[in-house]
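In listed order, ligands and their atoms are each counted from 1. Computed over heavy atoms, backbone and side chain alike; hydrogens, waters and symmetry mates excluded.
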Amino acid sequence: MKRSSGLWWGVMGVILCLFIFSCAQKEDVIVLGEFGSLTGVTATFGKSTQRGIEMALDELNQTGGMEGKRFKIVVEDDQSKPEEAATAVKKLINQDKVLMILGEVASSRTLAGAPICQDAKIPLITPASTNPKVTQVGDYIFRVCFIDPFQGEVMAKFARNTLKVSKAAILKDIKNDYSVGLAQFFTETFTGLGGQVIAEESYAEGDIEFRAQLTSLKAKNPEVIFIPGYYTEIGLIARQARDLGIKVPLIGGDGWDSPRLVEIGGKALENTYYSNHYTPEDPRPEIQKFITEYKTRYNETPDAMAPLGYDAAKIAFDAIKRSGILQEQNIKKAYKENPKASYLMEAINTPGNRQPIRDALAKTKDFPGVTGMITIDENRNAKKTAVVVKIEGGKVMFVETINP
Ligand code: PHE
């Protein structure tokens, strides 16, 4: 009898603690959302971004949060699939009631989530989606990276002026907005510079066999092959191209960037080049400090998505701060306007409060990011420097920096 009543009190105690804890959580925490590919064909995109975002979040919370409020970020895995990306965004908005959202890396997946954010007037910042259509979805959609008309131009100029070739072939992922767009922008500049795109072939994400396309490209004798895809396919394409005796340079864009690329492609990746958002060889102190911290935490050199995720989160925090919605008088006002609200997020997460965040984001100017100075332009894009890197001896090496 005595024993069982002790147990009863124990259980009640635990329940009470959990209740108090959950109230405290609801009371104080500002909740943001993130969706990304933590698993699937582009798993490193989501993982690196998440690590970068987590670093920014920890930094904020460890320095006292914002106006005394702690932040939390709910992360949803979309398994590298656009349909799942849409589902993830709906869950973040409807179930987790987030104030704003960070993500995705792949343009097609950001494009799947962006209209949902736009309709709900939830500000979205993509750290790394470069297709122009992304921010055209509407005035709540932002990015902190450059766009593909620039990136395509960078690689077309590199091919024409640095590699000094005039006949290019293209192999693109037909189901991927990023790949299709980048192929087009590359072609525009390359032909504008007097070059010729003499052959074009396509594949679809998830394919593992590219020999038919490569054989037909080879027959046309291109001097370079532009492959604007993601790392998993790129690794395989490079191997099969070299097996078929294709020796010309293979070039691409930021989608190549992954610690997995060289693991998959191995020696086949010698004589390849791609454009990217950052290089760990950049001596700028902001970058070197970030790399040191990242290595201490995750025991790996960060790819571009990690600092881009970090910058996206920092810019989100900065905009929330400048919006003023967390200032004491504004929180009081929010509770007054929403008398039924029983905790902070419920009171402040209204369209009337998200608009000032949107406006603050739109006014982001000269923000000192790890990936460079970030100014959001009138189309909610960022103008930033690109780098060209090459793979040599299994290592990614810096070649040149190109300013917009
Ligand atoms: N820019 C690519 C896209 O829009 C995504 C990406 C960014 C991939 C950075 C790798 C590095 O789809």
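For the side chain to side chain contact (heavy atoms under 4.5 Å, CB included) test with Y231, the passing option among D257, D303, T44 is T44; the others fail.
Listed for the E201 side chain is no donor-acceptor partner under 3.5 Å among the backbone atoms of L171. Between the T135 side chain and the I141 main chain, no donor and acceptor come within less than 3.5 Å of each other.
In summary, E270 and R242 do not engage in a salt bridge, as defined by a charged side-chain N under 4.0 Å from a carboxylate O.
Ring pair Y294/Y310: centre-to-centre distance not below 6.0 Å.
The protein residues lying under 4.0 angstrom from ligand 1, judged by non-hydrogen atoms, are F45, V105, A106, S107, A128, S129, T130, Y178, Y230, D254, G255, H277, M305.
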Show which side-chain atoms of residues 393-404 pair as donor or acceptor with protein atoms under 3.5 Å away, not counting sequence neighbours.
from : atom 1 : to   : atom 2 : distance (Å)
N403 : OD1    : T385 : OG1    : 3.1

